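The structure appears below as structure tokens.
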2 protein chains.
Amino acid sequence: MLPDKRYFDSFFKSAFTVDNVIFGFDEGKLKILLIRRNEEPYADYWALPGYFVQQYEDLDAAAERVLREMTGMENVYLEQLHTFGTPYRHAFGRVITVAYYSLVKIADFRPRAAGVAQDITWHLIDELGVLAFDHLEIVQVALEHLKKSIRTRPIGFELLPPAFTLTELQHLYESVWGTELEKRNFRKKILSMDLLRDVGKVQKGVAHRPAKLYRFDEQRYRELEKEGFNFEVRDGGKK
Amino acid sequence: MLPDKRYFDSFFKSAFTVDNVIFGFDEGKLKILLIRRNEEPYADYWALPGYFVQQYEDLDAAAERVLREMTGMENVYLEQLHTFGTPYRHAFGRVITVAYYSLVKIADFRPRAAGVAQDITWHLIDELGVLAFDHLEIVQVALEHLKKSIRTRPIGFELLPPAFTLTELQHLYESVWGTELEKRNFRKKILSMDLLRDVGKVQKGVAHRPAKLYRFDEQRYRELEKEGFNFEVRDGGKK
DNA sequence: CCAAAAGTGTTCTCGATACACCCATGG
DNA sequence: CCATGGGTGTATCGAGAACACTTTTGG
């Protein structure tokens with residue numbers, strides 16, 4: 001029943017890569033981390049930090065390794081997003097790429113270009129220009145995914161510093177969704193979830209009444225999650 | 001800047017496959033379509049209908065082709081689910097698989113085994129036994145995905161015949177979620193969405209008051225979707 | 001004292017929940 | 001006439017939406 005081994009050999013001629021979409025949030029704007037390639041194809045183009053997976057390397061592990069090697073970033077929680085396999089998306093042969101994504105606090109990392117990266121920086125999500133390969137499409141898929149999941153999971157907090165103001169949190173949601181939210185209702189909704197803790201401090205150095213700082217109570221979230229709790233923030237935008 | 005071509009060649013030794021998780025709903029039960037393999041590895045095991053992707057074949061197209069070749073099913077709307085790439089999941093070398101899933105009306109198809117399939121049948125989702133490769137894990141991921149997406153998208157209708165009763169629809173949700181729903185509230189919720197149309201007929205041959213038949217108004221759904229509508233059915237289960 | 005953002009309370013409406021009874025049909 | 005599931009109405013409660021003013025600080 002076993003066909004000629006050579007028949008199967010014909011399938012083992014492909015390569016795959018991992019590409020990481022790393023979201024950050026800074027100065028009230030959503031950003032992603034891009035590297036500038038120093039290798040063909042697409043040398044000198046901005047691209048997602050990604051590279052080939054080793055022959056017997058686990059996919060998730062490869063995503064972590066590649067990110068570490070190209071950016072120096074460690075302990076980043078990566079989640080698989082989607083796999084892109086348009087036939088001629090890579091000039092060297094058949095290459096499909098498994099995209100991963102993550103949300104990080106920009107202040108926690110100081111990415112440094114290494115490996116195939118000659119340069120690295122955070123880019124505003126709406127000013128990306130031309131990217132290598134089909135990376136712009138990958139970013140768009142990741143962004144759509146982010147918009148949806150931020151509604152039902154408290155992932156927004158992963159983008160903010162450990163202590164943040166309610167207005168910062170609101171700006172984050174507004175920035176991701178591209179909508180305006182109503183201040184009072186947003187606050188009531190968020191606080192009624194009982195997921196934020198007042199850290200007892202206030203903003204410093206602002207030319208107006210300083211805002212209270214909050215932190216996300218992760219333990220509380222896990223409890224609520226078990227009970228079948230459904231985190232959700234809606235637009236509530238002005239009509 | 002371009003390393004030796006042979007360096008890259010070392011990456012082009014992998015293969016990838018597509019595997020399809022096809023959900024159906026029949027006799028009030030959720031089912032999936034499995035084939036029995038006649039080829040090593042895992043000859044005689046039940047498995048998802050899946051096979052190798054051709055060297056320069058598009059992933060989505062491959063999923064469709066493989067499904068057609070193994071089951072005879074055409075015009076099935078497949079959606080990419082997740083990619084599985086544990087290093088030694090396939091005995092012949094490095095093989096990663098891109099899983100797709102779909103919801104179909106069982107009555108619309110009469111699957112016939114062909115190619116690597118020596119047999120094919122619908123299996124109850126909770127009586128799968130041992131499957132080839134990591135296919136059980138794939139099914140579990142697909143099922144979790146189904147549970148979530150049926151909450152926010154009207155995909156349940158894809159599993160039902162063109163005309164169905166409200167009780168059938170309710171049983172579908174109960175079967176997918178494994179919970180009980182409250183009849184009146186379920187009906188009120190569903191009907192208030194204005195997505196169902198009374199087709200003006202009733203059930204035949206039942207030993208009780210026959211139920212009205214409804215159809216899903218797809219056009220209406222598209223309109224609501226554009227306006228930012230959020231389809232959602234909650235448990236509402238008895239406490 | 002002014003600018004600028006923080007912070008708060010109330011009303012209205014609508015949807016979610018909970019609950020019990022009558023209806024139409026086949027056998 | 002009875003067993004079986006189909007089908008409905010109502011009261012209560014809580015959350016979402018809409019809306020305007022006072023508070024605190026730095027400069």
Side-chain angles (χ1 to χ4, degrees), chain A residues 27-28 151-152 160 163-175 177 179-215 224 227-239, chain B residues 27-28 151-152 160 163-175 177 179-215 224 227-239:
Chain A
E27 299 158 354
R151 254 174 220 278
T152 49
L160 292 173
F164 50 86
T165 69
L166 291 180
T167 302
E168 281 169 354
L169 183 61
Q170 182 180 337
H171 286 337
L172 168 59
Y173 275 87
E174 288 174 340
S175 171
W177 286 333
T179 58
E180 295 221 329
L181 302 176
E182 211 279 327
K183 185 171 62 164
R184 273 158 299 207
N185 294 335
F186 180 80
R187 284 163 181 250
K188 236 182 307 183
K189 171 93 194 199
I190 293 285
L191 290 176
S192 75
M193 288 178 184
D194 192 29
L195 282 170
L196 296 190
R197 298 284 164 260
D198 188 335
V199 299
K201 294 183 180 172
V202 293
Q203 273 181 315
K204 285 283 179 192
V206 286
H208 55 77
R209 176 174 176 178
K212 283 186 192 172
L213 293 172
Y214 292 86
R215 67 176 177 81
L224 290 174
E227 296 163 20
F229 177 69
N230 210 350
F231 186 103
E232 183 149 2
V233 186
R234 286 175 191 275
D235 295 349
K238 298 161 194 166
K239 286 197 179 156
Chain B
E27 299 158 354
R151 255 176 220 278
T152 50
L160 293 173
F164 50 86
T165 69
L166 292 179
T167 303
E168 281 169 353
L169 183 60
Q170 182 179 337
H171 286 338
L172 168 59
Y173 276 86
E174 289 175 339
S175 170
W177 286 334
T179 58
E180 295 220 328
L181 302 176
E182 212 279 329
K183 186 171 63 167
R184 272 157 299 207
N185 294 336
F186 179 81
R187 284 161 182 251
K188 234 183 306 183
K189 171 90 192 199
I190 292 285
L191 291 176
S192 75
M193 287 177 185
D194 192 30
L195 282 170
L196 296 190
R197 299 284 165 260
D198 189 334
V199 299
K201 295 183 181 174
V202 294
Q203 273 181 316
K204 286 283 180 192
V206 286
H208 55 77
R209 175 174 176 178
K212 283 186 191 170
L213 293 173
Y214 292 86
R215 67 176 177 82
L224 290 175
E227 297 165 18
F229 177 68
N230 210 350
F231 186 103
E232 183 149 2
V233 186
R234 286 174 192 275
D235 294 351
K238 297 162 193 166
K239 286 196 180 159

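Just so it is clear, the model here is predicted, and its values are computed rather than measured.
Taken to the nearest 0.5 Å, the CG atom of A:Leu160 stands 6.0 Å off from the CG atom of A:Leu169. The distance from the CG atom of A:Leu195 to the CD1 atom of A:Ile190 is 8.0 Å, given to the nearest 0.5 Å. Taking CG of B:Leu181 as the reference point, atom CG of B:Leu172 lies at 10.0 Å (rounded to 0.5 Å). The distance from atom CG of B:Leu196 to atom CG of B:Leu213, rounded to the nearest 0.5 Å, is 11.5 Å.
The nearest whole Å value for the distance from the CZ atom in A:Phe186 to the C1' atom in C:dG7 is 15 Å. The nearest whole Å value for the distance from the NE2 atom in A:His208 to the P atom in C:dA4 is 10 Å. Summarising the geometry, the separation between CG on B:Leu166 and P on C:dC23 is reported as 20 Å, rounded to the nearest angstrom. Rounded to a whole Å, the CG atom of A:Asp194 is 17 Å from the P atom of D:dG14. For the pair A:Leu181 CG and D:dG16 C1', the interatomic distance rounds to 13 Å; values are reported in whole Å. If you measure from atom NZ of B:Lys212 to atom C1' of C:dC23, you get 12 Å, rounded to the nearest angstrom. As rounded to whole Å, 13 Å separates atom C1' of D:dG6 from atom CG of B:Leu191. Atoms CD1 (A:Ile190) and C1' (C:dG7) sit 16 Å apart, rounded to a whole Å.
A:Arg187 and A:Ser192 share no donor-acceptor pair across their side chains, judged by distance under 3.5 Å alone.
When the nucleotides C:dT8, C:dT17, D:dT4 are ranked by their closest atom to the side chain of B:Asn185, C:dT17 comes out on top. Distance from the side chain of A:Glu182 is smallest to D:dC19 among D:dG7, D:dT25, D:dC19. Side-chain proximity of A:Ala207 to the nucleotides C:dG7, C:dT25, D:dG26 is greatest for D:dG26.
The stretch residues 196-205 of chain B has no heavy atom under 4.0 angstrom from DNA chain D at all.
Between B:Pro210 and A:Pro210, the one whose closest nucleotide on DNA chain D sits nearer the 5' end is B:Pro210.
Distances shown here put every side-chain N or O of B:Lys189 at or beyond 4.0 Å from the OP1 or OP2 atom of C:dG15. Considering only side-chain N and O atoms, A:Thr167 lies nowhere under 4.0 angstrom from the phosphate OP1 or OP2 of C:dA5.
Among the heavy atoms of the strands lying under 4.0 Å from A:Lys188 is at least one base atom, whether or not backbone atoms are also near.
For residues 199-214 of chain A, the set of pairs meeting the side chain to side chain donor-acceptor pair (under 3.5 Å) definition, not counting sequence neighbours, is empty.
Qualifying side-chain hydrogen bond (donor to acceptor under 3.5 Å, both in side chains) partners for B:Asp194, counting only residues two or more places apart in sequence or in other chains: B:Arg197, B:Arg220. When the salt bridge (charged side-chain N to carboxylate O under 4.0 Å, His left out) test is applied to B:Arg184, the partners found at least two apart in sequence or on another chain are B:Glu182. Checked against side-chain hydrogen bond (donor to acceptor under 3.5 Å, both in side chains), B:Gln170 has the following partners two or more places apart in sequence or in another chain: B:Glu174.
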Between protein and nucleotides 21-23 of chain D, what N or O pairs are separated by less than 3.5 Å?
unit_1: D:dT23; atom_1: O2; unit_2: A:Arg209; atom_2: NH1; d: 3.0

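Counting only distance, with no hydrogens or angles, the side chain of B:Ser175 and the backbone of B:His171 share no donor-acceptor pair below 3.5 Å.
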